[in-house]
Amino acid sequence: GFVSALLEGLCDNEVTRRELLSLMGDKNLHSIKALCESAGIADDGCEDICKLARLYGPIARCMDELLPLVRNDEMRAAYEELASLVEIIRIYGFEDRVFLDFSIVNDMNYYNGIIFKGFVDGIPAGVLSGGRYDNLVGLFVKNQISGVGYGLGDVTLENFLTIHKLIPDLYTGGTKVLVTVFDDVPYEHYVALKDKLLAAGVKTSLYLGTKKFGKQIDYAVKDHYSHV
């Protein structure tokens, strides 16, 4: 990525690079400058690190500020990849919703490309985070396979919706059907039954799983289904 390429071009010491990465995450410019001085990193390189740590704003606008910081081929490749992503974001009309922030950092041995976080109005913490990892799959199989993954903070979202009473009470009474499943019946039959009931205006869910019938009944009782 852009940050790792900058740090690797300025400093050979991996421990120092990790410390700089952590300080960038804290936007601790004073400590960045002190560490750069003790590590013998030139003033112009230190200033570029500080500029990256400070850089924040709508992604399309920040690209103009990012270009002068390109120092090597790896950074240029990362910049061009990011520029391609910005164009896709622009096409979909999200350029005002996506912000660039190089203080969002993580372990460079895990993520090796773009890292992202998702936010919802009214929740101060991120509800989604992830990134690109080209090296992860190679730990488990012989082939190197690129990947992008993310995790959703469902507990954070649920707490927010519950506190602000934003979860609708969908089942306040009446008929609520759970379609139970058995191994000897083709799954598409259950899907067709569920769709037929929904089309008739009946609140219906299809049990997802392979648990025994008794467990499915327990689930129906716990979730207040009127019929199975």
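In this structure, Lys211 places its NZ atom where only 12 or fewer heavy-atom neighbours from other residues, nucleotides or ligands lie under 6.0 Å away. Heavy atoms of other residues, nucleotides or ligands lying less than 6.0 angstrom from NZ of Lys33 number 12 at most. Other residues, nucleotides and ligands place more than 12 heavy atoms under 6.0 Å from the CZ atom of Phe119.
Within the model, atoms CD1 of Ile115 and OH of Tyr133 stand 12.5 Å from one another, a figure rounded to the nearest 0.5 Å.
Within the 3.5 Å criterion, the main-chain N or O of Val202 finds a donor-acceptor partner in the side chain of Thr204. Using modelled atom types, no side-chain atom of Ser103 and backbone atom of Ala53 make a donor-acceptor pair closer than 3.5 Å. At distances below 3.5 Å, at least one donor-acceptor pair connects side-chain atoms of Gln216 with backbone N or O atoms of Val181.
Taken together through direct or relayed side-chain contacts under 4.5 Å among Ile, Leu, Val, Met, Phe, Trp and Tyr, Ile88 and Ile114 form part of one hydrophobic cluster. When the side chains of ILVMFWY residues are joined at heavy-atom separations under 4.5 Å, either directly or via intervening members, Phe99 and Val86 end up in two distinct hydrophobic clusters.
Relative ring orientation between Tyr190 and Tyr187 is described as perpendicular, the plane-to-plane angle rising above 60° on a 0-90° scale split at 30° and 60°. Between Tyr207 and Tyr219, the two ring planes are perpendicular [angle over 60°; tilted spans 30° to 60°].
Within the 4.5 Å cutoff, the side chain of Val228 has no heavy atoms near those of the Val177 side chain.
Look at Asp44 and Arg71 and you find a salt bridge, because one of the NZ, NE, NH1 or NH2 atoms lies within 4.0 Å of a carboxylate O, short of that distance. Between Arg54 and Glu47, at least one side-chain N (NZ, or NE/NH1/NH2) sits under 4.0 Å from a carboxylate O, which counts as a salt bridge.
Heavy-atom minimum distance, Ser146 versus Arg132: OG-NH2, 4.2 Å.
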**Request:** May I have the step-by-step check of side-chain contact (heavy atoms from CB on, under 4.5 Å) for Leu69 and Lys51, ending in yes or no?
**Result:** CA-CA 9 Å; Leu69 303 181; Lys51 286 179 180 177; 3.8 Å; yes
